[in-house]
2 protein chains.
Amino acid sequence: MPPRELPQQMGARRIDRPVPLRERVYQAMQELIISRQLAPGQHLVESELAEMLGVSRQPIREALQLLNTAGWVDLQPGYGAFVHAPAPEEVDQLLAVRAVLESESARLASTLVDTEGVDRLRKLCAEGEAALDEDNTEGMVAANAELHRTVTELSGNKVLMDFVAQIDSRVQWYFTPIAHVRGHESWREHAELVDAIERGDTEGAGRIMREHTERTRRAYQKQVEEGPEEEPQPQVRSRRRRTAR
Amino acid sequence: MPPRELPQQMGARRIDRPVPLRERVYQAMQELIISRQLAPGQHLVESELAEMLGVSRQPIREALQLLNTAGWVDLQPGYGAFVHAPAPEEVDQLLAVRAVLESESARLASTLVDTEGVDRLRKLCAEGEAALDEDNTEGMVAANAELHRTVTELSGNKVLMDFVAQIDSRVQWYFTPIAHVRGHESWREHAELVDAIERGDTEGAGRIMREHTERTRRAYQKQVEEGPEEEPQPQVRSRRRRTAR
DNA sequence: CTTTCCTAATCTGCATACAGTATACAGATG
DNA sequence: CATCTGTATACTGTATGCAGATTAGGAAAG
């Protein structure tokens with residue numbers, strides 16, 4: 001330990017190191033994928049992306065590797081990178097895992113009740129309801145994500161947070177297009193969940209969260225059955241020739 | 001489909017594409033970390049690794065990124081890569097997540113019973129017991145890992161498999177040194193688990209697995225409390241000067 | 001002797017260059 | 001006309017080079 005301690009309480013936030021290019025490329029590409037500007041199955045040519053984003057191939061490659069491990073793109077060695085095209089059963093499986101992890105988050109959160117945390121949750125509930133009333137889909141999705149994230153944060157388990165974060169961003173991707181249907185119902189469940197957490201009702205919190213996410217999952221399944229398919233997705237999966245000059 | 005089929009039954013095994021260098025570097029480094037040849041907290045200098053493994057820095061960098069997302073090394077932008085040094089509470093959290101995911105695996109597996117799968121599980125149980133009898137720690141750890149992996153595989157949920165695989169390899173890393181203590185007890189529980197899966201006892205399978213992994217977790221906690229610390233770990237975390245010529 | 005500042009050397013981040021491989025198109029062959 | 005084969009080309013994988021950032025170590029000052 002250094003002889004003299006530095007007052008730890010000051011703006012302990014260290015100056016932000018320059019964010020590596022690969023991180024920013026990662027973010028940019030994630031957004032391009034979520035917004036469907038890069039379509040599922042599309043071939044991602046490194047040099048093209050490099051030119052598009054104004055950087056060299058190196059940071060592009062690094063970002064692609066990260067996107068690969070996060071499940072956003074599929075990397076086929078010696079072949080290329082393709083935007084991941086989630087199969088319906090994969091989405092279902094993802095939601096199943098989410099259900100389990102979030103349920104555990106709720107259980108843990110309820111054992112660490114904390115008025116400050118509960119306040120935050122209630123505020124998010126209010127925001128969500130408000131967004132719902134004014135038909136603001138985007139705001140609703142955001143509030144929903146933030147609520148779930150907060151519950152996980154309150155669980156106090158960092159590892160859990162990491163995993164749930166990974167899953168949630170992908171769930172959001174799959175979901176955004178099929179505009180969240182179960183509006184009021186969903187937010188009523190959220191409110192119940194917060195109540196259970198507040199009173200330290202571990203079993204209740206876990207059960208409610210589990211039921212909640214399972215219902216979401218079933219809503220998704222139903223949507224898939226009914227809505228035949230958004231588009232059959234040409235599922236390109238083949239290398240594309242750029243300039244056939 | 002092409003008009004004329006090629007006799008599909010012949011040695012249909014396609015020639016293995018050259019495994020990218022980054023993959024092999026990843027494997028090599030993971031092994032070096034598990035075997036403690038690269039100590040926790042140690043600074044990993046790209047050029048050094050490149051020389052050591054006989055490749056250029058590029059594949060090293062890519063492998064480091066992957067190792068980072070998998071939790072094996074910590075990457076500090078502009079600063080360097082360091083072998084991850086798990087804090088005790090992190091290990092505990094990891095085991096908690098493992099407990100939940102594996103329990104769910106067992107539940108799902110029990111709903112998809114299948115004699116072939118049960119046979120494989122039983123065989124692994126036998127192997128484990130045998131290894132235990134002849135005091136073969138390595139074999140025991142391997143059988144244990146393989147058993148858990150198989151249960152997850154039988155769950156039929158690919159996403160779950162991915163996550164559990166990630167967790168398990170890290171759990172193995174943390175565990176190998178503290179030589180698995182709860183020997184017979186652990187394998188008795190495994191046998192019970194397989195029985196439950198065989199008879200399609202979903203709740204039982206889930207419960208047994210949960211209790212099993214929770215017990216493992218508690219065994220770890222106890223070990224941590226008793227064994228003060230392996231070594232206080234200098235926690236180097238500082239860049240090292242290579243050739244102070 | 002302690003603290004501060006400066007300097008030098010190392011290391012990372014990013015760009016570019018090169019080689020090998022897979023693909024698509026065109027021409028050849030039956 | 002259909003199918004096969006050869007060749008040009010584009011893309012990935014790997015290596016190397018360069019600039020800026022960051023730290024360790026030591027000199028200078030209190």
Side-chain angles (χ1 to χ4, degrees), chain A residues 1-6 14-28 42-68 73-83 236-245, chain B residues 1-6 14-28 41-68 73-83 234 236-245:
Chain A
M1 233 181 263
R4 251 179 270 168
E5 284 292 322
L6 195 63
R14 25 173 90 205
I15 195 163
D16 39 337
R17 317 286 219 99
V19 182
L21 220 37
R22 58 166 177 271
E23 298 285 339
R24 291 192 287 179
V25 171
Y26 180 95
Q27 288 293 341
Q42 180 175 343
H43 183 201
L44 300 173
V45 180
E46 295 175 1
S47 52
E48 253 178 280
L49 293 168
E51 199 180 357
M52 186 196 304
L53 299 177
V55 299
S56 81
R57 271 179 58 208
Q58 171 87 359
I60 298 285
R61 276 182 74 79
E62 295 184 353
L64 284 176
Q65 318 256 349
L66 298 185
L67 289 164
N68 176 51
V73 313
D74 299 326
L75 224 45
Q76 265 153 42
Y79 191 76
F82 299 84
V83 179
V236 198
R237 219 116 215 80
S238 86
R239 240 167 167 167
R240 205 202 48 197
R241 207 112 179 142
R242 177 154 53 155
T243 51
R245 53 170 163 205
Chain B
M1 232 181 263
R4 256 180 266 167
E5 286 289 323
L6 195 62
R14 20 175 94 205
I15 195 163
D16 41 336
R17 316 287 220 102
V19 182
L21 223 36
R22 58 165 177 272
E23 297 285 338
R24 291 193 288 180
V25 172
Y26 180 95
Q27 288 294 338
Q42 180 175 342
H43 182 201
L44 300 173
V45 180
E46 294 176 1
S47 51
E48 255 179 279
L49 294 169
E51 199 180 357
M52 186 197 305
L53 299 176
V55 300
S56 80
R57 271 180 56 210
Q58 172 85 1
I60 298 286
R61 277 181 72 81
E62 296 184 353
L64 284 176
Q65 317 257 348
L66 298 185
L67 288 164
N68 176 52
V73 313
D74 299 326
L75 223 46
Q76 266 153 40
Y79 189 77
F82 299 83
V83 178
V236 199
R237 219 120 214 76
S238 86
R239 240 167 170 171
R240 205 202 47 199
R241 209 125 181 127
R242 177 152 53 155
T243 50
R245 53 174 166 202

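Convention: sequence-line order gives letters A, B, ...; per-chain numbering from 1. All values below were derived from every heavy atom in this structure, side-chain atoms included, with hydrogens, water molecules and symmetry-related copies excluded.
The two atoms that bring A/Pro77 and B/Pro20 nearest to each other are CB-CG, 3.6 Å, heavy atoms only. B/Arg57 and B/Ala50 make their closest contact through N-CB, 4.0 Å (heavy atoms, listed as atom of the first residue, atom of the second, distance). Across B/His43 and B/Tyr79, no two heavy atoms sit closer than the pair NE2-O, 4.1 Å.
Contacts of residues 55-67 of chain A with DNA chain D (heavy atom under 4.0 Å): A/Arg57, A/Arg61.
Between A/Leu49 atom CG and C/dC14 atom P the separation is 16 Å, expressed in whole Å. If you take CG of A/Leu21 and P of D/dG20, they are 15 Å apart, rounded to a whole angstrom. Across the protein-nucleic acid pair, A/Phe82 atom CZ and D/dC11 atom P stand 11 Å apart, rounded to whole Å. Going from atom CD of B/Glu46 over to atom P of C/dT10 covers 16 Å, rounded to whole Å. For the pair B/Arg22 CZ and D/dA15 P, the interatomic distance rounds to 13 Å; values are reported in whole Å.
Side-chain N/O atoms of A/His43 include none lying less than 4.0 angstrom from OP1 or OP2 on D/dA10.
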May I have the list of side-chain donor-acceptor pairs in residues 60-68 of chain B shorter than 3.5 Å, sequence neighbours left out?
unit_1, atom_1, unit_2, atom_2, d
B/Arg61, NE, A/Glu62, OE2, 3.0
B/Arg61, NH1, B/Glu46, OE2, 3.0
B/Arg61, NH2, A/Glu62, OE2, 3.2
B/Glu62, OE1, A/Gln65, NE2, 3.2
B/Glu62, OE2, A/Arg61, NE, 2.9
B/Glu62, OE2, A/Arg61, NH2, 3.2
B/Glu62, OE2, B/Gln58, NE2, 3.1
B/Gln65, OE1, A/Arg22, NE, 3.4
B/Gln65, NE2, A/Glu62, OE1, 3.3
B/Asn68, OD1, B/Leu75, N, 3.4

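The side chain of B/Tyr79 approaches D/dT22 more closely than any other nucleotide in the set D/dT22, C/dA15, D/dC11.
Across all strands, A/Leu75 comes closer than 4.0 Å to no nucleic acid atom at all (heavy-atom distances).
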